[in-house]
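Positions are given from 1 along the sequence. Note that the coordinates shown come from a computational prediction; the quantities given were computed from them, not determined experimentally.
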Amino acid sequence: MNLASVLRMQLSYRTRSIAGVLAGVLYALAVFASQVGVSTSGITPDTASYLEFSPYRQPLYGLWAHFIYAATSSWAAVLQVQLVLFVLAVAWATVELARISTWGVPAALFFIALQCVLLRMGMVGLVGTLSTEGLFYSMIVAGCALMLHWLRTRSRPGLALMLVLLVAMTQLRPAALLVLGLPVGAAIVAVVAYGWRSASGRLGLATLATTVVLIGVMPVLMGKQPFQLGTSKSWFGFAALPRTALLHPPADIAQRVPRWSAMQAGWREAAKDLDAIELGQFDAQLQEAVRWELAPKALFPEYLRADVAQTAKQWEKGELYNEAADLALRYLRSDIPTYARLSLAHFWGMLTMGNYMSNGQRANVWIALNALPAPTWELARFRTDYPLNQIDKPMSLASSLLYFVVRYALMIVLALGVFAGGRTLLAVWKRRDLSPGDLALLATVGWAALHSVPAALTVFAEFRYTYANLLCVALGALAWFAYLGHARGTRANTEGRA
């Protein structure tokens with residue numbers, strides 16, 4: 001390669017870097033412009049539990065928020081720091097995308113365009129709240145940027161920092177617990193495929209050992225038992241009991257709570273003709289009603305033969321969570337098929353933005369909700385603000401088109417992720433070089449899938465979870481696209497030199 005070729009390559013590399021920086025700057029300007037004149041406290045219904053280190057919550061967000069508050073004496077400053085951190089993470093990921101190849105520049109610009117769409121839809125508003133989303137979204141984007149940096153440079157410090165970030169996520173949100181399966185699985189594959197004598201095998205072994213140590217040590221250093229399990233209180237019952245809304249009750253429970261069982265039968269009848277996405281969102285509305293109002297007002301007064309006011313107070317204080325956990329487990333064991341079907345519906349919704357229903361699906365869910373037995377909405381509020389966003393009102397054509405594009409684009413990306421996984425395993429089996437684009441896509445789709453499992457088993461496809469998945473999967477898909485251009489450019493250069 002002559003000097004002119006080297007200069008052209010360096011110039012191209014520098015140009016792509018500048019393009020990424022400019023795209024990041026433009027996004028930062030858009031974010032800060034959108035916040036001008038916006039006044040918000042950042043308080044959510046969950047804020048108090050995080051800031052007061054509730055035993056039901058992971059500790060990291062409380063530690064983060066109190067650290068910033070101690071340095072600034074302002075909760076508003078916590079929100080501002082979170083916003084800046086997210087913008088910096090997006091800018092970094094944008095630059096890393098642009099530096100991959102000439103195709104990386106349009107990929108970076110598309111990522112910024114996606115961020116602007118999410119900005120318009122209110123995702124950045126979640127970053128500016130005193131809740132885990134304020135930090136979690138930044139960690140996702142920063143983790144993806146670290147992955148892209150490692151794929152480009154093979155920097156071991158960057159890989160170690162990415163592992164620390166993954167473990168930290170588990171102490172921010174329980175839904176991230178299974179995500180640790182990514183580095184552990186990759187390390188096992190490397191050790192088995194390449195052996196400890198090779199560089200790849202030693203790196204895999206070191207990755208495995210580091211992850212295991214971090215899993216055991218980091219939560220303890222934070223003053224918590226590992227993964228918040230085995231604490232004096234457990235909110236499994238609070239989380240899992242609403243998932244039994246559409247299950248068939250065990251015979252002894254049905255005899256003990258006949259009115260509740262009759263109401264559940266009406267719920268199942270209303271849901272029988274809904275498709276997977278509709279069923280998930282219908283169940284989401286029921287879960288919220290059971291969690292906050294129907295369990296303390298209808299189920300437990302009948303189950304415990306107690307006063308409604310008394311059970312409501314006990315539920316609010318968390319004194320009935322053990323009974324709720326026992327009930328939930330008995331329901332689940334007696335009707336595993338229905339629970340599995342519901343969990344698969346929620347899992348599919350998590351991965352494909354199930355909360356982005358079409359107008360037809362929204363209408364079907366609305367009709368089903370209105371067909372519920374009368375006691376349901378006499379005891380609980382018929383909410384249209386959360387998790388369903390006023391589904392009684394048809395969306396505009398532009399919103400319908402946007403939802404359609406996002407959902408089906410995610411389905412295509414998931415299929416590509418499975419394809420990338422197959423190609424990666426085949427390359428490992430045959431000891432071939434691994435495609436960085438396939439690795440990026442496989443890692444991000446794998447992250448989204450593992451992140452969705454705990455949530456699908458205990459809650460529903462809700463916008464905060466699906467935004468997280470979308471951020472991660474979009475970066476992986478764009479990196480895969482950018483590396484296609486990198487491979488083509490490499491072949492062209494090789495043919496030119498020949």
Side-chain angles (χ1 to χ4, degrees), residues 23 27 30-31 34 86 90 93-94 97 106-127 133 136-137 140-141 144 175 275-282 284 344-365 386-391 393-420 440-441 444-449 451-452 455-456 459-482:
Y27 174 68
V31 170
S34 71
F86 182 74
V90 169
T94 303
L97 277 174
L109 294 175
F110 187 89
F111 182 60
I112 291 298
L114 175 63
Q115 295 305 311
C116 291
V117 171
L118 293 175
L119 173 64
R120 181 69 179 270
M121 295 172 62
M123 192 201 72
V124 175
L126 294 173
V127 176
E133 288 75 29
F136 194 54
Y137 293 164
I140 291 170
V141 179
C144 289
D275 66 24
I277 293 298
E278 295 164 358
L279 179 62
Q281 293 299 294
F282 175 85
L344 286 173
H346 288 301
F347 181 71
W348 182 244
M350 294 277 184
L351 291 176
T352 61
M353 298 289 284
N355 46 312
Y356 276 24
M357 294 186 294
S358 67
N359 274 329
Q361 291 173 315
R362 289 156 66 98
N364 290 338
V365 175
Y386 179 90
L388 303 175
N389 189 18
Q390 299 184 358
I391 60 169
K393 300 178 181 178
M395 294 183 295
S396 66
L397 179 61
S399 295
S400 298
L401 181 60
L402 175 63
Y403 282 21
F404 177 86
V405 169
V406 170
R407 291 200 62 236
Y408 281 88
L410 282 170
M411 294 179 198
I412 293 172
V413 170
L414 292 176
L416 289 174
V418 173
F419 175 72
L441 186 57
T444 52
V445 169
W447 187 96
H451 171 252
S452 298
V459 282
F460 48 83
E462 189 251 2
F463 64 95
R464 293 177 297 178
Y465 291 95
T466 55
Y467 278 152
N469 287 344
L470 178 60
L471 278 173
C472 190
V473 170
L475 271 167
L478 292 171
W480 180 81
F481 170 80

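- Side-chain contact between Glu462 and Asn355: absent, with no pair of heavy atoms (C-beta onward) separated by less than 4.5 Å.
- Nearest heavy atom pair, residue Leu478 against residue Ala107, reads CD1-O, 3.6 Å.
- Counting only distance, with no hydrogens or angles, the side chain of Tyr403 and the backbone of Met353 share no donor-acceptor pair below 3.5 Å.
- Contact check for Trp348 versus Leu414: side-chain heavy atoms found under the 4.5 Å cut-off.
- Within the 4.5 Å cutoff, side-chain heavy atoms of Val406 are placed close to those of Leu402.
- We find the CG-CD1 distance between Asn359 and Ile391 to be 11.0 Å, quoted to the nearest 0.5 Å.
- Here Trp480 pairs with Asp438 under the side-chain hydrogen bond (donor to acceptor under 3.5 Å, both in side chains) rule; sequence neighbours left out.
- When every heavy atom of Thr444 is checked against every heavy atom of Cys144, the shortest pair comes out as CG2-SG, 4.2 Å.
- The shortest distance between side-chain heavy atoms of Val445 and Leu351 does not fall below 4.5 Å.
- Evaluation of the ring-ring contact (aromatic ring centres under 6.0 Å, His included) rule for Phe86 yields no partner, not counting sequence neighbours.
- In terms of the ring-ring contact (aromatic ring centres under 6.0 Å, His included) criterion, Phe347 has no residue partners (sequence neighbours excluded).
- In summary, the aromatic rings of His451 and Phe136 are positioned with their centroids under 6.0 Å apart.
- By the ring-ring contact (aromatic ring centres under 6.0 Å, His included) test, Phe419 is found to be paired with no residue, residues two or more places apart in sequence or in another chain being considered.
- A distance of 14.0 Å separates CG of Leu470 from CZ of Phe463, quoted to the nearest 0.5 Å.
- Minimum heavy-atom separation, Cys472 to Ile140: CB-CG2, 3.9 Å.
- Nearest heavy-atom pair across Ala456 and Met350 is N-CE, 3.8 Å.
- Here the CZ-CG distance, from Arg464 to Leu126, works out to 7.5 Å after rounding to the nearest 0.5 Å.
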Give the C-alpha distance, both sets of side-chain angles, the deciding distance and a yes or no for side chain to side chain contact (heavy atoms under 4.5 Å, CB included) between Leu97 and Leu475.
CA-CA 8 Å; Leu97 277 174; Leu475 271 167; 3.8 Å; yes

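- Taking 4.5 Å as the limit, some side-chain heavy atom of Met123 sits within range of a side-chain heavy atom of Leu471.
- Under the ring-ring contact (aromatic ring centres under 6.0 Å, His included) criterion, Phe110 pairs with no residue, sequence neighbours left out.
- Residues Asn469 and Trp447 form a side-chain contact, since some pair of their non-hydrogen atoms from C-beta on lies under 4.5 Å apart.
- Remark: Glu133 engages Ser131, Arg173 in a side-chain hydrogen bond (donor to acceptor under 3.5 Å, both in side chains) (not counting sequence neighbours).
- In terms of heavy-atom proximity, Lys393 sits nearest to Arg362 at O-NH2, 2.9 Å.
- With contacts defined as side-chain heavy-atom distances shorter than 4.5 Å, the pair Arg407/Ile277 qualifies.
- Contact record, Tyr467 with Tyr356: CE2-OH, 3.7 Å, taken as the closest heavy-atom pair.
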